[in-house]
Amino acid sequence: MTVPAPRSPSGSIEKGSIEAVVEEVPSEDGGLVYEAPRNLPTPPALSVEEEKRLWRKIDTRILPIFTVMYFVASLVRSNIGNAKLQGLTTQLELTGNKYNIALAMYFVSYTCFTVPSNLVIKKLRPSRWLPGIALVWGILATLMGLVKSYPQLVGVRVLLGIAEAGLPPGVFYYITMWYPRHMVSYRIGLFWGGATFAGAFSGLLAFGISFMSGTAGLLGWSWIFIIEGLISVVVAVVAFFVLVDFPDTATFLTSEERAYVVNRLKYDNSSVGEEEHFESRHLWETLTSWRVLFCCLINMSVITPVYGITFFLPSIINGFGFNTVISQLLSIPPYVVATMTVVAWSKWSDNVKKRSPFICAGLVFCLVGFAINAADVSIGARYFGTYLVVTGSYAGFPGNVSWMGNNTVGHYRRAVAIGMQVMFANAGGAIACFVYRGEDAPRYLLGHGVELGFVTMGLVLLPIMVTTYMRDNMGRNAVQRDMEKRGLKIEHTPEELRKMGNQAPDFRYTL
């Protein structure tokens, strides 16, 4: 039988209006419901309050551990910026651009392993894969505190990039497998907020650890790596006991709750569900999609400033004329403001079901902040500019990742697309490692200029993406309204609609 075209309260035709043949089963009252997920009971009908309680239950189980994992991962990734001020470059004789190369090598290996990691996460189970790589990077981060030479530092950074490559894209993909698409941004915002707050805590922790310099014959930079690495190891061990896989096997939910979540997700993007198995065409279609490429480049325009400011903010503030201790402490407040903005914008984005306005706002913040720091203005104004850069770059990111997940249909298509997005972002991170050169201190005009170029790229590509999405949505709505008026019906089998993915006539892009 056919599924009728649903309408929104405003009267517009929503997804599902192109009729499809779907399997249905009778309910007890004689009505019809979607077929129950395999091995699960028929999905229950939940009240608004019951549904809120269910999502809170899921949030409480999976978000805290992921937030803590990404928090410690961000500490490990960015602590080299704090270690630089605690004797790293002096003891290891990181002259010239050796420090920048050590930073960049992390991103080279990281970039190469993001997509492969997302292709295997479903097969190897996220409850084992993600804690496993966290344990590895925690051990490597600890060992980084014991390196004695520049080649050793580079080698450990390369291995660290491989180990950490699977976490961000894996978690972004995992969240899209648990939440409907207009609930994703807030959850990613909470997760990403851990990374943002790590920027504040990193400076505070580095300040405290600096007093350990000389203990056991190690300088402060060594203790920064060792202590933060050991924290990562502890968190990874805890994650082995806390993380679950996907909704259909989550034992902390009742069978009825599992059925509800699985059913809600199955029909969130399509009237007939998504493709769940892997085919080589998924990889090819995603790699050759210009929309995926544009979204990756927009993400690159957001994340390149993130890495530029994360690795060099203490040095930038140090260039204002403050000593090492004050520079560490002054790097904290911008991240506190950014953390609050990340969560607020992400929640707002889900409420209005839009992503592009928040990406645009983040880019504008960065544009103004970098322009202020490149200008010949007072120290107070330039410090204010760092607030804009940190806030804009971090707060613009959740909307971008959510946008890719919202507009990519099919489990493996989405996994590859998100992996590509993180890959491009970290390519931007590698570039950011080389643009803030020691010889450009204290103004760092080259670095600020390059960052302005990336931000401008994002501001150019973003309207193009929004325009094409709006055009496609309006075109599909117009076709369906015309068919309804003429009494025509186009029927597609469920398999045909699933193969179409976001090209299916009942799919609508999120703007």
Side-chain angles (χ1 to χ4, degrees), residues 74 78 81 185-186 188-200 203 295-314 316-317 330-349 352 354-375 377 380-404 421 424-426 428-429 431-432 435-436 444 447-463 465-466:
S74 299
S78 62
S185 182
Y186 179 55
I188 290 179
L190 291 174
F191 167 74
W192 183 245
T196 312
F197 185 68
C295 203
C296 288
L297 290 172
I298 293 171
N299 194 47
M300 192 178 188
S301 73
V302 173
I303 292 298
T304 305
V306 166
Y307 284 125
I309 205 69
T310 297
F311 288 131
F312 296 99
L313 182 59
I316 291 171
I317 295 175
L330 286 177
S331 69
I332 297 172
Y335 286 103
V336 175
V337 174
T339 301
M340 294 186 290
T341 307
V342 165
V343 176
W345 283 15
S346 299
K347 181 64 174 177
W348 191 4
S349 175
V352 300
K354 293 185 184 298
R355 310 300 183 212
S356 57
F358 301 92
I359 303 171
C360 183
L363 289 170
V364 170
F365 272 43
C366 290
L367 184 74
V368 176
F370 281 121
I372 290 174
N373 272 276
V377 295
R382 287 158 64 192
Y383 183 57
F384 171 72
T386 66
Y387 277 80
L388 294 179
V389 172
V390 175
T391 299
S393 59
Y394 275 94
F397 177 73
N400 211 354
V401 175
S402 303
W403 210 22
M404 180 75 89
Q421 196 173 31
F424 271 73
N426 285 280
I431 295 171
V435 297
Y436 285 94
Y444 296 103
H448 297 325
V450 171
E451 298 285 21
L452 283 169
F454 275 100
V455 171
T456 302
M457 175 182 72
L459 289 171
V460 170
L461 295 179
L462 187 63
M465 291 288 290
V466 174

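Counting from 1, the numbers follow the sequence of the chain as shown.
Between Tyr387 and Pro333, the shortest heavy-atom contact is OH-CB, 2.9 Å. In terms of heavy atoms, Leu462 sits closest to Ser356 at CD2-O, 3.7 Å. Here the shortest heavy-atom pairing between Phe312 and Tyr436 reads CE2-O, 3.4 Å. Closest approach of Pro398 and Ser346 over heavy atoms only: CB-OG, 3.5 Å. Heavy atoms only, all atoms of each residue included: Ile309 and Tyr335 are closest at O-OH, 3.7 Å. The two atoms that bring Met300 and Gly428 nearest to each other are CE-N, 3.7 Å, heavy atoms only.
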Task: side chain to side chain contact (heavy atoms under 4.5 Å, CB included) assessment of Cys295 paired with Gln421 - done: CA-CA 7 Å; Cys295 203; Gln421 196 173 31; 3.8 Å; yes
- [ ] Would you sort out whether Phe454 and Ile431 count as a side chain to side chain contact (heavy atoms under 4.5 Å, CB included), showing the intermediate values?
- [x] CA-CA 11 Å; Phe454 275 100; Ile431 295 171; 3.7 Å; yes
TODO: Take Trp403 and Val466 through the test side chain to side chain contact (heavy atoms under 4.5 Å, CB included) and record every step on the way to the result.
DONE: CA-CA 11 Å; Trp403 210 22; Val466 174; 4.0 Å; yes
- [ ] Please step through side chain to side chain contact (heavy atoms under 4.5 Å, CB included) for the pair Tyr394 and Val302, ending with a clear verdict.
- [x] CA-CA 8 Å; Tyr394 275 94; Val302 173; over 6 Å; no
Pair up each side-chain donor or acceptor in residues 362-374 with any protein partner under 3.5 Å, not counting sequence neighbours, and list the distances.
residue: Asn373; atom: ND2; partner: Gly369; partner atom: O; Å: 3.2
residue: Asn373; atom: ND2; partner: Arg382; partner atom: O; Å: 3.2

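Summarising the geometry, atom CH2 belonging to Trp345 is positioned 8.0 Å from atom CZ belonging to Phe358; distances are rounded to the nearest 0.5 Å. Taking CG of Leu459 as the reference point, atom CD1 of Ile359 lies at 11.0 Å (rounded to 0.5 Å).
Looking at heavy atoms from C-beta onward, Phe424 lies out of side-chain contact with Ile303 at the 4.5 angstrom threshold. Taking the side chain as every heavy atom from C-beta outward, Tyr186 and Val343 approach each other to under 4.5 Å. Looking at Thr339 and Val342, their side chains never come closer than 4.5 Å, going by heavy atoms from C-beta outward. Within the 4.5 Å cutoff, no side-chain heavy atoms of Met404 are placed close to those of Asn299.
Judged by distance alone, with hydrogens and angles left aside, the side-chain atoms of Thr386 form a donor-acceptor pair with the main-chain N or O of Tyr383 at under 3.5 Å. Remark: side-chain polar atoms of Ser301 are paired, donor with acceptor, to backbone N or O of Ile298 under 3.5 angstrom.
Using a 30° and 60° split on the angle between ring planes, His448 and Tyr444 fall in the perpendicular class, above 60°.
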